[in-house]
Every structure is written in structure tokens, then in C-alpha cells.
Enquirer: 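Next up is a structure, given as C-alpha cells.
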Amino acid sequence: MEDKHMLMIPGPTPVPEQVLLEMAKHPIGHRSAAFSKIMAEVTENLQWLFQTKNDVFCLAASGTGAMEAGLINFINAGDKVLVGENGKFGERWAIICDTYGMDVERVKAPWGEALDPAIFKAKLEADTAKEIKAVVITHSETSTGVLNDLETISGYVKAHGALMIVDAVTSLGSCNVPTDAWGLDVVASGSQKGFMLPPGLGFVSVSDKAWAAYEHAKIPRFYLDLKSAQKNLAKNTTPFTPPVNLIFGLKASLAMMKREGLENIFARHKRLTEATRAAVKALGLKTFAPDGNASTAVTAVDPAPLGAEDVRKAIAQQFDISLAGGQDDYKGKIFRIGHLGFVHDRDILTAIAALEATLHGLGHTDFESGAGVKAAATVFQKSAS
Ligand SMILES: *Cc1c(COP(=O)(O)O)cnc(C)c1O
């Protein structure tokens, strides 16, 4: 059936109708007073979402563009950086650092496990010469569904004095990311995840401490130079033509988020995560990330002995539901259920019911009929009472 596609991947995520309609409007001039008024509003609301008084910039870039901007404006070639690597996006951070000739030390954990904060603590405490200029990690590792302990790691970084640079692409808008309270110097995100928007915007926040590092940062940059973004934002404008219609959409999505409230947004994502994980387990499948470090954006599932790609193909064919596959070594081994942004309890019930029927169709019948939906519904009932 047409127009019944259900997007359950960790980005791009579904977009609410009121946001789509806002973006369908005719563009306006980006140097107009009307547009500056919108920029002022979205900037204030981004600061609310990031829980910060720092500058927050919108870039016409995907999340990776925001990550790159968040590094090259503050770190020099040859600078020592500790990069947490326990999945595809941690790896991406390390590759960007390598690309610019930074002195990268990878702090690894296996895919599916969280980074160990104690390793960061030990390395930072041993660095009495203060050679480490930044610690760079991914908060919610989308490739595995693992949530890293950003609060603890950033505490160690603060005590040391290095910059804390964070990929919060799938954590912002799905769980608590209190930029100022946790002392996060640079926080990067992207529009197609928790923001309930199509792809195309990157976001990056910058602390005073990071701005001090900017004064000594020599990597050549033009389009991604954040000082020019700062100068322009002081006048509620941007250095280059922004995707005006995406900013219209951002205005609408941030207004929706404000009406829901941060606490409710976090509680909703926690509930969706718990329901999904309970359902997956009730269906006799394994969750890939441990319970204590589960991302609230995405649940990765190991369906062995079934093939993950067979499950994805079958659920797409019969139910028109898109689930994400595994990446790199985990391609074919895991599938991922996205539940961030414009997702509600009903969507999980639907996806789980469809997953159950799909598993049945593939010959996996090792569960009581309705077990998945029952487990998810129980979580929803508990949180409603
Ligand atoms: C989606 C995502 C990104 C950004 O990817 P783009 O394709 O550049 O938008 C970065 N980090 C994480 C954790 C992500 O989930």
C-alpha cells in the first residue's frame, strides 16, 4: 500500500506533519529581518535543548560536518587526543583526527560494549605534562546501541583540563545531555536523528574553554570556520546561505520539543527503549548492548541463528517497515531498531507485532504467541500507572 512506509532506523527518522508543512513554505531571503527573527528563536531553543549558555551553531552539513568543525577549530595537527572507539562512529572520530594529522590514541572497547571510564581516568592522571589536548567520544554509539558513560568520562577530563569533545548525534533529544552541567566543550549533532527533521543540518556547541583553544588552532578552514559562524550569529545570521526551509522545519520541531518538555522527552525514549528491549528478549532474541549501557535511540538485536538481513528483508516486504542493518563486521549479524525522535509507544507495538510475525515466517517459533507485544505493553502499562 502506498504511503504506509514505517521508518524504524536510527536516522533519518520520521518527521511530523507540522514540521513537513512548515518546510513546504516558500523560501524567504536569508538576510531578511524575518529570517533573522527565526534564527534568533531557533538558536535560543537549541541552547535549551543542549542545556547550555554556549554558542550553538547550525551548519549546512550532516552530523559528520559538525563533528569535523568541532575538531578542526580547536585542535592542531600533532596535538595528542584520546579517542574512544567502540563502534563505527567512534572509529569515524579517530579517522577525522588522523586525517588532520593529530596524534591519536585510540581507547577501545569491543563493539557492543561500553568504553571503560577507568582507562580514561588512568591515562589523564598519568599525563602530568598535560600533553592530551582533547578527549573525543561518541555518547550514543549508534552502530551498536551502546550508551557510553559521558558524565563520568567528562568529569575526569574536566579535572585534567583537556577539552571534552562529544558526538551527541543520537543522544541529544533522546536522553539527558546537560552540556554545561557536565562541562562538555564541544557537542556535535545532526538534524535527522532526535530533532525530528530530514537530513541536512549539523549542530555544534562551543564552550568558552574551546574558544580559548580556537585562538591557537592553525588547521586551515574556511566553510567550517566557527568564528565566522559566531560573528554572524551575533547578528542572527549565518556566513553562507543556510538551508532556509530546513530552518523553518527546525523552528517547528524545536517548538514541539519545548511543548513536550525535556523530562517528558527523556522519559518517552527511556520507555520506548525498555519496551523494545523487553520485547526482543521475550521473542527469544539477544539485545546486543548491555542493559546498563543501552542507548535510548536505537536497540541492536542479534537474531542468531536467523540472519539479520533475512529478518530485515522479510519485515520490509510483508510490513513495509525499515529496520537498519549491522555495519562493517556486524553486517548480517545484527539488525537495529531505531526509536528516537518522532516515535511513540504505538509505533513500538506495531513494530514488535510485525517482528514477531516475521520471525514466525522465518521459522523461529521459540516463543509464546504474542510474547513480544505483551512484554512491550507491560512496560507501557507500568509507566502509565
Ligand atoms: C548519524 C550519526 C552521525 C552523523 O552521520 P551523518 O551521516 O554525517 O549525518 C554521527 N554520529 C552518530 C553517532 C550518528 O548516529
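Numbering of ligands and ligand atoms starts at 1, following listing order. We use all heavy atoms of the structure for the numbers below, so side chains are in, but hydrogens, waters and symmetry mates are not.
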Enquirer: Report yes or no: do Asp320 and His5 form a side-chain donor-acceptor pair below 3.5 Å?
Expert: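 Judged by distance alone, the side chains do pair up.
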Enquirer: Within ligand 1, which atoms have a heavy atom of Thr170 less than 4.0 Å away?
Expert: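 Near Thr170, the atoms of ligand 1 are 15 (O).
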Enquirer: Starting from atom 6 (P) of ligand 1, which protein heavy atom do you reach first, and at what distance in Å?
Expert: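 I find the closest protein heavy atom is Ser62 OG, 3.4 Å.
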Enquirer: Within the side chain of Asn73, is there an N or O that forms a donor-acceptor pair under 3.5 Å with the backbone of Leu224?
Expert: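 Yes, the answer is positive, given that a donor and an acceptor are paired below the 3.5 Å cut-off.
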Enquirer: Please say whether Thr138 places an N or O atom under 3.5 Å from an N or O atom belonging to ligand 1.
Expert: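 No, Thr138 has no N/O under 3.5 Å of an N/O on ligand 1.
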Enquirer: For Thr142, counting its heavy atoms only, list the atoms of ligand 1 lying under 4.0 Å from any of them.
Expert: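 Ligand 1 atoms under the 4.0 Å threshold to Thr142: 12 (C), 13 (C), 14 (C), 15 (O).
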Enquirer: For atom 11 (N) of ligand 1, grab the closest protein heavy atom and report residue, atom and distance to one decimal in Å.
Expert: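 The protein heavy atom lying closest is Asp167 OD2, 2.5 Å.
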Enquirer: With a 3.5 Å distance limit and no angle check, can you tell me whether Arg106 reaches the backbone of Val83 through a side-chain donor-acceptor pair?
Expert: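 No.
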Enquirer: Tell me whether His139 reaches ligand 1 (any heavy atom closer than 4.0 angstrom to a ligand atom).
Expert: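 Under 4.0 Å: no for His139.
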Enquirer: If I compare all heavy atoms of Arg31 with all of Phe240, which pair ends up nearest, and what's the gap?
Expert: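 Closest approach of Arg31 to Phe240, heavy atoms only: NH2-N, 4.3 Å.
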Enquirer: Consider only side-chain N and O atoms of His160 and Asp127, and report whether a donor and an acceptor are under 3.5 Å apart.
Expert: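 Asp127 and His160 do have a side-chain donor-acceptor pair below 3.5 Å.
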Enquirer: Could you identify the single nearest non-hydrogen protein atom to atom 9 (O) of ligand 1 and state the distance to 0.1 Å?
Expert: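 Result for atom 9 (O) of ligand 1: Gln192 NE2, 2.8 Å.
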Enquirer: Apply salt bridge (charged side-chain N to carboxylate O under 4.0 Å, His left out) to Lys313 and Glu309, showing your working.
Expert: CA-CA 6 Å; Lys313 211 181 281 171; Glu309 292 307 294; over 6 Å; no
Enquirer: Write out the residue and atom name of the closest protein heavy atom to atom 14 (C) of ligand 1, then the distance separating them to 0.1 Å.
Expert: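 Minimum-distance protein heavy atom for atom 14 (C) of ligand 1 reads Lys193 NZ, 3.0 Å.
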Enquirer: Within the 4.0 Å heavy-atom shell around Ser140, which atoms of ligand 1 are there?
Expert: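 So the atoms of ligand 1 that pass are 13 (C).
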Enquirer: Does Lys270, at its NZ atom, have more than 12 non-hydrogen atoms belonging to other residues, nucleotides or ligands within less than 6.0 Å?
Expert: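 No - once you tally the heavy atoms of other residues, nucleotides and ligands closer than 6.0 Å, there are 12 at most.
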Enquirer: Is ligand 1 less than 4.0 angstrom away from at least one heavy atom of Met67?
Expert: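 Met67: in contact with ligand 1 (<4.0 Å).
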Enquirer: So Asn148 and Asn293, side-chain hydrogen bond (donor to acceptor under 3.5 Å, both in side chains) or not? Walk me through it.
Expert: CA-CA 7 Å; Asn148 286 311; Asn293 287 85; 5.6 Å; no
Enquirer: Between Glu141 and ligand 1, which residue portion shows a heavy-atom distance shorter than 4.0 Å: side chain, backbone, both, or neither?
Expert: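 Near ligand 1, Glu141 shows nothing, with every heavy atom at 4.0 Å or more.
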Enquirer: Could you go through Glu22 and Lys25, starting from their C-alpha distance and side-chain angles, then the distance that decides it, and tell me whether this counts as salt bridge (charged side-chain N to carboxylate O under 4.0 Å, His left out)?
Expert: CA-CA 6 Å; Glu22 205 56 41; Lys25 287 185 174 167; 2.9 Å; yes
Enquirer: Closer than 4.0 Å to some heavy atom of Thr64 - which atoms of ligand 1 meet that?
Expert: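 This gives 4 (C), 5 (O), 6 (P), 8 (O) as the contact atoms.
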Enquirer: In terms of residue, atom name and distance, what is the protein heavy atom nearest to atom 3 (C) of ligand 1?
Expert: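 Atom 3 (C) of ligand 1 sits closest to the protein heavy atom Phe89 CE2, 3.5 Å.
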Enquirer: Using the rule given for side chain to side chain contact (heavy atoms under 4.5 Å, CB included), can you reason through Phe288 versus Val301, listing the C-alpha separation, both sets of side-chain angles and the distance that settles it, and then say yes or no?
Expert: CA-CA 5 Å; Phe288 192 55; Val301 181; over 6 Å; no
Enquirer: So if I count the atoms of ligand 1 from 1 in the order they appear, which ones are less than 4.0 Å from some heavy atom of Arg92?
Expert: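 Listed by number with element: 5 (O), 8 (O).
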Enquirer: When only distance counts, is Gly63 in polar contact with ligand 1, meaning an N/O pair under 3.5 Å?
Expert: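 Between Gly63 and ligand 1 (N or O atoms, distance only) the closest approach is under 3.5 Å.
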